[in-house]
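Each ligand, and each atom within it, is numbered from 1 in the order the structure gives.
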Amino acid sequence: MLWRLSYFFLWQLTGGALGWWQGGAWGAALGAGIAAWGWFFWDLSRGARVLGWLRTGDPEQTPVMRGIWGDTADRVRRLLRRHEVQLRDSEGRLQEFLAAMQATPNGVVLLDAQGRIEWCNQIAALHFGFDVRRDVMQSIGNLVREPAFTAYFAAKQFTRDVVLEGRASTSSRPVRISVHVHPYGDGRKLLLSRDVTALEQAEAMRSDFVANVSHEIRTPLTVLAGFVETLQTLSLSQEEQSRYLGMMSQQAQRMQSVVQDLLTLSRLEGSPPPGMGEWTAVHALLQRCEMEGRALSALVTQGQQKPHQISFPDPQRLIDAGELAGSAAELQSALSNLISNAVRYTPAGGSITVEWLPMTDGAAMFLVRDTGPGIAPEHIPRLTERFYRVDRSRSRETGGTGLGLAIVKHVLQRHGASLEITSTVGKGSVFAVNFPASRLRISDSTGSRQPVSSE
Ligand code: ADP
């Protein structure tokens, strides 16, 4: 400020001195006046330069000058720089926050007080079919037109969620989306969406399972209760009584098998998969399967004209098949189950062939081939579902529970193996189990054990 005043007086003094030199006292007064106006315009032009620069606000173009206007420009430049840094920081934080919102597995939509979309993440766009850029500031009510959502949004009762059909839903692949609105701030809303398809399917499966189990247990129980009542109320001959008791024992056995298989399934689901510590010789495994299969075949073809033609691999060749890693009891039950199905569903006189095929990469395949009734293609993908049967009466006749292949699938999954089913109606079926090389090992000439694969 002092400099400014000094400059002003310097101008006046110079103007006054020049005026004095030219025209005495009057000349001095005129010179000082002209100098004051000159200073005023010079100062105005400097102010105008700073003002012009402020209009662009570009810190790079700051006018370089001294005095009060130079200081003002410099201070404004520093303020602009600080503001720029703060803006960049906030922008960075906003981008990080939006990236976190994008990373959530749920859909997130921010709505303004009028219900217009301010921002939404990719998952929400997928759930509702939004275009992340084009639909910004569009009203959610115009974009999500499902009546359930319209009613939910209009009622403003946001204490619960509403379940809608996802935009990508098709009849073969339904998608269900749970939507929950959370009001915040000044009438704004946060809309969260979650894919609940798997959850709903699991719930449907659970209730189907409970209904199936109840049905499977209730049917023999009702028959048993009927027989008990008959025995209690009617005076039956010794022969009739023993016939009834035989039928009662059959029903009790049926219930026992269902309960046994359910317990097996629950044990398989509840225990960790068997590790690589236990090894079972393939030839011993198949020998036990052969014994059980032949015994079952003799039982089911009892009194029939022709027995089954059953063939198993040569036990001598199986000695070289090596060992399988995993639980011997589980593997035995899975492979036996496939053989038992072939025996139970193949009519007397049909043939059942069991094979063990080592692959060149060290993997191996266990095959059960039969000449039974075969299975229509539409049933094949569902055979490993619990209680799924192609022919209910045939399954029950042969003592089936409908849980056999579900158990097989579980056991194989736990052993890194997979099941492949191919079948032709009227010709027969092939159930193939693929064991990976990592689960097999063979003996070398010194008798020590080596993994089959080089993995
Ligand atoms: P189940 O106890 O009824 O045999 P599974 O789970 O073992 O139950 O098999 C499911 C269904 O698959 C059976 O009910 C049967 O209809 C069909 N199935 C299984 N194995 C065979 C086979 N070898 N030949 C024909 N149908 C089969």
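- Nearest protein heavy-atom neighbour of atom 4 (O) of ligand 1: Y345 OH, 2.6 Å.
- Polar contact with ligand 1: absent for N337 (N/O pair, distance under 3.5 Å).
- Taking the six-membered ring where tryptophan is involved, the planes of F149 and F153 are essentially parallel, since the angle between them stays under 30° and well short of 60°.
- For the pair E146 (side chain) and E165 (backbone), a donor-acceptor distance under 3.5 Å is present.
- Each of the following atoms of ligand 1 lies closer than 4.0 Å to a heavy atom of R389: 3 (O), 14 (O).
- Remark: minimum distance from atom 12 (O) of ligand 1 to any protein heavy atom is reached at L383 CD2, 3.3 Å.
- The main-chain N or O of G107 is never found under 3.5 Å from a side-chain atom of N121 such that the two would form a donor-acceptor pair.
- Panel note: side chain R145, backbone N142; a donor-acceptor pair is recorded below 3.5 Å.
- Looking only at side-chain heavy atoms (C-beta outward), F130 and I117 come within less than 4.5 Å of each other.
- Within a 6.0 Å radius of CE in M205, no more than 12 heavy atoms belonging to other residues, nucleotides or ligands are found.
- Protein heavy atom at the shortest distance from atom 3 (O) of ligand 1 is S395 OG, 2.5 Å.
- Proximity to I375 (heavy-atom distance under 4.0 Å) selects the following atoms of ligand 1: 25 (C), 26 (N), 27 (C).
- Between F227 and Y244, the ring-plane angle classifies as perpendicular under the 30° and 60° cut-offs.
- Residue F431 has no N or O atom closer than 3.5 Å to an N or O atom of ligand 1.
- Assignment of G402 to the shell around ligand 1 is supported, since a heavy atom sits closer than 4.0 Å.
- For the pair V390 and ligand 1, the shortest N or O to N or O distance falls below 3.5 Å.
- Side-chain contact check for Q332 and S336: at least one donor-acceptor pair (N or O, by modelled atom type) lies under 3.5 Å.
- Atoms of ligand 1 lying under 4.0 Å from any heavy atom of D391, numbered from 1 in the order shown and given with element: 16 (O).
- Checked by distance only, ligand 1 and G404 come closer than 3.5 Å through their nitrogen or oxygen atoms.
- A distance of 5.5 Å separates CH2 in W119 from CE in M101, rounded to the nearest 0.5 Å.
- Between F431 and F366, the ring centre distance reaches or exceeds 6.0 Å.
- At the shortest separation from atom 5 (P) of ligand 1 among protein heavy atoms lies L405 N, 3.6 Å.
- If you check each of D370, V258, N341, T401 against atom 20 (N) of ligand 1, the one with the closest non-hydrogen atom is N341.
- If you number the atoms of ligand 1 from 1 as listed, the ones under 4.0 Å from a heavy atom of S429 come out as 24 (N).
- Within the 4.0 Å heavy-atom criterion, the part of R344 lying near ligand 1 is the side chain and not the backbone.
- Within ligand 1, counting atoms from 1 as listed, the ones closer than 4.0 Å to a heavy atom of Y388 are 10 (C), 11 (C).
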